[in-house]
**Q** 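Following this message is one structure expressed as structure tokens.
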Amino acid sequence: MRGRALIVGGGIAGLATARGLLAGGWDVEVRERADGPPTSGWTLGMWPQALAALEELGLGDLVRTGSAVAAGGELRRPDGRVLVRVTPRTAVRLVERTALLAALADGLPDGVVRWGAPVAGAADLPAADVVVAADGVGSVLRRDLFPAVGRPRALGTIAVRGVAAGPATALAETWGPGRVFGTTARLDGRTNVYACFRSDLAGPAELASPKELLRRVYAGWHRGVVDTVEDLEEATLDARPLLDVRPPAHTSSGRTVLVGDAAHAMAPHLGRGACESLVDAVALARQLRGAPDVASALAAYDAERRRPAARLVRASRLVHDVSTARRLTGPRDLLLGAVGRVAAARRAPGAD
């Protein structure tokens, strides 16, 4: 099947869907409210399903040459003691967000992406055979056409992301009462930093000075955290409350379908948000290319993607709540340490 697709949102989900549909002969227009692609961002972990989606979109070279393998990491206590060492069973590759977006946009015909062209709501939509709502956690199309989903849900935490000078000494997370601090490597030799803490640990005015806020919130933690905070480049810092979206009962309404964060914005604690956007895009494009009509394609997409994405929303929220818990952190850490010891024993040479 071929037709005309309007994609609202020029992020990962929107651009990936555009590539997939254009490859199938669809006429595609992407409307993005930003004036142009982002010039900064953080490293994204690409799990196997996302790597397969990128291959299907013809971006295997990005996977092979424009990324690095995440070999494993550590989970620590605030005093620096290691609770768990993690070695992934499957390859996870690290890709810079700006590089991923540039690769998705590369080769799109001129005029496909209309920058600085916001869509105010469902009443603002032009004629199209299918409308793809890829407009993120605050989706205006979800608001207008999927009212049962409700507004994005506050997770009760604040996330601060940024870049620190110097290479990451470890891929690590540290969990303390009501707060998490993590680092990952960047291809440019610097370090991605992400911090998440309960909202009542910060006054509203402090969000304007995130480095000072992090100094206070993580004071007294082990040197790996304290030194990384000092190395943060202030121009890269972004602080905002974390939100997720209640999983919808259905992903389409008439000719409009939800993808990416518009469908399943989730806490970042499993590192799966960008991955699921890519998987959504490839699944939707495949269904629209192969089905006899739009209604059949959207029903098949819903059957393929809605439940798996909903499970990840719930799982990400659970890990968020456990990692930022204030109470019972001692038993939590004991359990994590025990799990780590069992896993290490199973990996040992000669283990059954």
Side-chain angles (χ1 to χ4, degrees), residues 41-42 74-81 83-84 136-139 143 149-164 172-184 191-247 261 264-273 312-337:
W42 300 276
E74 298 174 340
L75 179 60
R76 295 177 178 266
R77 296 193 329 179
D79 62 8
R81 183 165 70 86
L83 293 169
V84 180
V137 62
S139 171
R143 177 200 66 198
V149 176
R151 298 173 62 84
R153 303 180 297 186
L155 291 170
T157 50
I158 291 168
V160 179
R161 297 177 176 90
V163 178
E173 279 194 359
T174 302
W175 290 10
R179 65 205 85 180
V180 172
F181 191 93
T183 57
T184 61
T191 299
N192 280 293
V193 175
Y194 57 100
C196 176
F197 47 89
R198 289 288 167 184
S199 300
D200 58 7
L201 292 174
E206 290 183 289
L207 296 182
S209 302
K211 187 167 182 174
E212 285 298 320
L213 173 59
L214 294 181
R215 283 179 176 137
R216 181 180 64 76
V217 170
Y218 295 98
W221 283 35
H222 62 82
R223 296 303 309 176
V225 170
V226 172
D227 290 348
T228 301
V229 169
E230 291 305 313
D231 289 340
L232 282 168
E233 300 171 1
E234 295 200 43
T236 69
L237 292 175
D238 175 86
R240 65 184 66 195
L242 283 179
L243 307 168
D244 74 1
V245 170
R246 185 184 308 279
D261 282 353
H264 46 64
M266 61 188 73
H269 293 68
L270 290 179
R272 295 292 292 265
L312 283 170
V313 171
R314 291 190 288 268
S316 297
R317 191 179 182 96
L318 175 62
V319 175
H320 164 274
D321 291 347
V322 170
S323 64
T324 60
R326 281 199 171 96
R327 302 177 58 220
L328 302 176
T329 56
R332 177 197 69 186
D333 293 351
L334 287 172
L335 177 60
L336 289 169

**Q** If you count the non-hydrogen atoms of other residues, nucleotides and ligands that lie under 6.0 Å from CZ in R198, is the total more than 12?
**A** yes

**Q** Side chain of R317, backbone of A267: donor and acceptor closer than 3.5 Å?
**A**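 Not confirmed, R317 side chain does not pair with A267 backbone.
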
**Q** Using 0.5 Å steps for rounding, measure from the CZ atom of R81 to the CG atom of L75.
**A** 10.5 Å

**Q** To the nearest 0.5 Å, tell me how far L155 CG sits from T324 OG1.
**A**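 Taking CG in L155 and OG1 in T324, the distance rounds to 8.5 Å.
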
**Q** For A164, give me all partners under side-chain contact (heavy atoms from CB on, under 4.5 Å), at least two apart in sequence or on another chain.
**A** T191, V193, T228, D231, L232

**Q** When you measure from the side chain of R216 to the backbone of L201, do you find a donor-acceptor pair of N or O atoms at a distance under 3.5 Å?
**A**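 Between the backbone of L201 and the side chain of R216 there is a qualifying donor-acceptor contact (under 3.5 Å).
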
**Q** Under the salt bridge (Lys or Arg N to Asp or Glu O under 4.0 Å) rule, what pairs show up with a residue in residues 320-332, not counting sequence neighbours?
**A**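 Matches after skipping sequence neighbours: D200-R326.
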
**Q** Over all heavy atoms of both residues, which pair between L213 and A202 is shortest? Give the atoms and the distance, please.
**A** CD1-CB, 3.6 Å

**Q** For L318, which residues count as a side-chain contact (heavy atoms from CB on, under 4.5 Å) partner, sequence neighbours excluded?
**A** V322

**Q** Output yes when a side-chain donor or acceptor of S209 lies under 3.5 Å from a complementary backbone atom of E206, and no otherwise.
**A**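 Between the backbone of E206 and the side chain of S209 there is no qualifying donor-acceptor contact (under 3.5 Å).
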
**Q** Could you give the distance from CZ (F197) to CG (L242), rounded to the nearest 0.5 Å?
**A**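 Reported to 0.5 Å precision, the distance equals 9.5 Å.
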
**Q** Supply the atom-to-atom distance R76 CZ to L83 CG, rounded to the nearest 0.5 angstrom.
**A**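 If I round to the nearest 0.5 Å, the distance is 9.5 Å.
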
**Q** Can you name the closest pair of heavy atoms from A265 and V137 and give their distance?
**A** CB-CG2, 3.7 Å

**Q** Below 4.5 Å, heavy atoms only, C-beta onward: do E173 and S323 meet side chain to side chain?
**A** no

**Q** Which heavy atom in G273 sits nearest to a heavy atom in M266, and how many Å separate them?
**A** N-SD, 4.2 Å

**Q** Using 0.5 Å steps for rounding, measure from the CZ atom of F181 to the CG atom of L214.
**A** 6.5 Å

**Q** Between R77 and D333, does any NZ, NE, NH1 or NH2 come within less than 4.0 Å of an OD or OE carboxylate oxygen?
**A** no

**Q** Taking the side chain as C-beta and beyond, is there a heavy-atom pair between V245 and V313 under 4.5 Å?
**A**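 V245 does not reach V313 side chain to side chain.
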
**Q** According to ring pair (Phe, Tyr, Trp, His ring centres under 6.0 Å), does anything in residues 220-241 pair up with another residue at least two apart or in another chain? List the pairs.
**A** Y218-W221

**Q** Evaluate T236 against W42 for side-chain contact (heavy atoms from CB on, under 4.5 Å), listing each step before the verdict.
**A** CA-CA 10 Å; T236 69; W42 300 276; 5.5 Å; no

**Q** Got a salt bridge between K211 and E230, using NZ or NE/NH1/NH2 to carboxylate O under 4.0 Å?
**A**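 Salt bridge absent between K211 and E230.
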
**Q** Enumerate the residue pairs fulfilling salt bridge (Lys or Arg N to Asp or Glu O under 4.0 Å) with a member in residues 175-184, sequence neighbours excluded, ordered by first and then second residue.
**A** none

**Q** Check whether any side-chain N or O of S316 sits under 3.5 Å from a backbone N or O of P268 as a donor-acceptor pair, and report yes or no.
**A**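 Side chain of S316 to backbone of P268: no pair is present.
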
**Q** Quick one: does any side-chain atom of S199 pair with a main-chain N or O of T157 as donor and acceptor, under 3.5 Å?
**A** yes

**Q** Taking only residues two or more places apart in sequence or in another chain, which ones pass side chain to side chain donor-acceptor pair (under 3.5 Å) with D261?
**A**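 D261 satisfies side chain to side chain donor-acceptor pair (under 3.5 Å) with no other residue.
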
